[in-house]
Amino acid sequence: MPGPAEKATEQDRRDLIVTVARELAEAEGWVGVSIRRLAEQAEIDVGDVYRHFPDLEALLAAVAVCAFADLAADLAEAHAEAADSPDGAWPAVATAYLDFAYTNPEVYDAMLALTPDLALGVDGVPAAPRAVFAELRAALTPLAEGRDPDTLAEVGWSLLHGVVMLTRGGRLRPEGQEEREALIAERLLRWPCPTGGNPVGVPGDMP
């Protein structure tokens, strides 16, 4: 049975493989990531990579889980910095989410496009993706105004993810990016509207 030092070495090697995979993916895209290429970049044997990750699917899942943990930490830090203003938590957390997504596009794809088994509705989902959802939910709960916080968090996450993917795909007007993100962070999920009026497109004096 391996001793503590050997166990630590194996964990270090696994962490190294995940780190190198993230760096390689951001530099060359996931199309440039292979087991052999990883071994070369990490300066370890191919067999060492396969011992930890039998295939690229397993590696993608590990990268995604690690990145979800990093994102959760970023969101928690943003939330803590806005602790003096509950209404300011969501803008801070939304900004931190967008910063992470735009800074790490290939890793973000691993998290939310290439690993469908990490969906929240699937049994046995690791703690890290659930921690991201929990941070989004905590930031939006002060704005719930009687609405279900889980549903509100799902909508908030959907808005953030949608604007990230459409912006990256060049589908939206570049000059409107700042305003779109400000609407998501500061207005769209608040109820009633910050101005005290009706939401856009909802008529007043409903029967």
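Nothing fancy with the numbering, it's 1 onward along the sequence. For clarity, every value in this text was computed on a predicted model and none was experimentally measured. Heavy atoms only: backbone and side chains are in, while hydrogens, waters and symmetry mates are out.
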- Task: Return each pair, listed once, that meets ring pair (Phe, Tyr, Trp, His ring centres under 6.0 Å) where at least one residue sits in residues 70-92; pairs must be two or more places apart or across chains.
- Result: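 Pairs touching residues 70-92 that pass the test: none.
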
- What is the minimum heavy-atom distance between Phe68 and Pro129, and which atoms define it?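 What the structure gives for the nearest pair is CD1-CG, 3.6 Å.
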
- Task: Check Val93 against Leu75 and note the closest heavy-atom contact, atom names and distance.
- Result: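 Between these two residues, the closest heavy atoms are O-CD2, 3.4 Å.
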
Checking the side chain of [X] only, and the main-chain atoms of [Y] only, is there a donor and an acceptor separated by less than 3.5 Å?
X: Asn104; Y: Val107; answer: no
X: Gln177; Y: Thr167; answer: no
X: Glu26; Y: Glu106; answer: yes
X: Thr115; Y: Leu118; answer: no

- Task: Please name all residues satisfying side chain to side chain donor-acceptor pair (under 3.5 Å) with Asp99, sequence neighbours left out, ordered by chain then number.
- Result: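 In terms of side chain to side chain donor-acceptor pair (under 3.5 Å), with neighbours along the sequence ignored, Asp99 is linked to no residue.
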
- Task: Could I get the full list of side chain to side chain contact (heavy atoms under 4.5 Å, CB included) partners for Ala39, not counting sequence neighbours?
- Result: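 Val46, Val49.
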
In plain terms, say whether [X] and [Y] are close enough for a salt bridge, that is, a side-chain N and a carboxylate O under 4.0 Å apart.
X: Asp48; Y: Arg14; result: no
X: Arg168; Y: Asp109; result: yes
X: Arg137; Y: Glu154; result: no

- Gap separating the CZ atom of Arg190 from the CG atom of Leu143, nearest 0.5 angstrom: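 Here the rounded value is 5.0 Å.
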
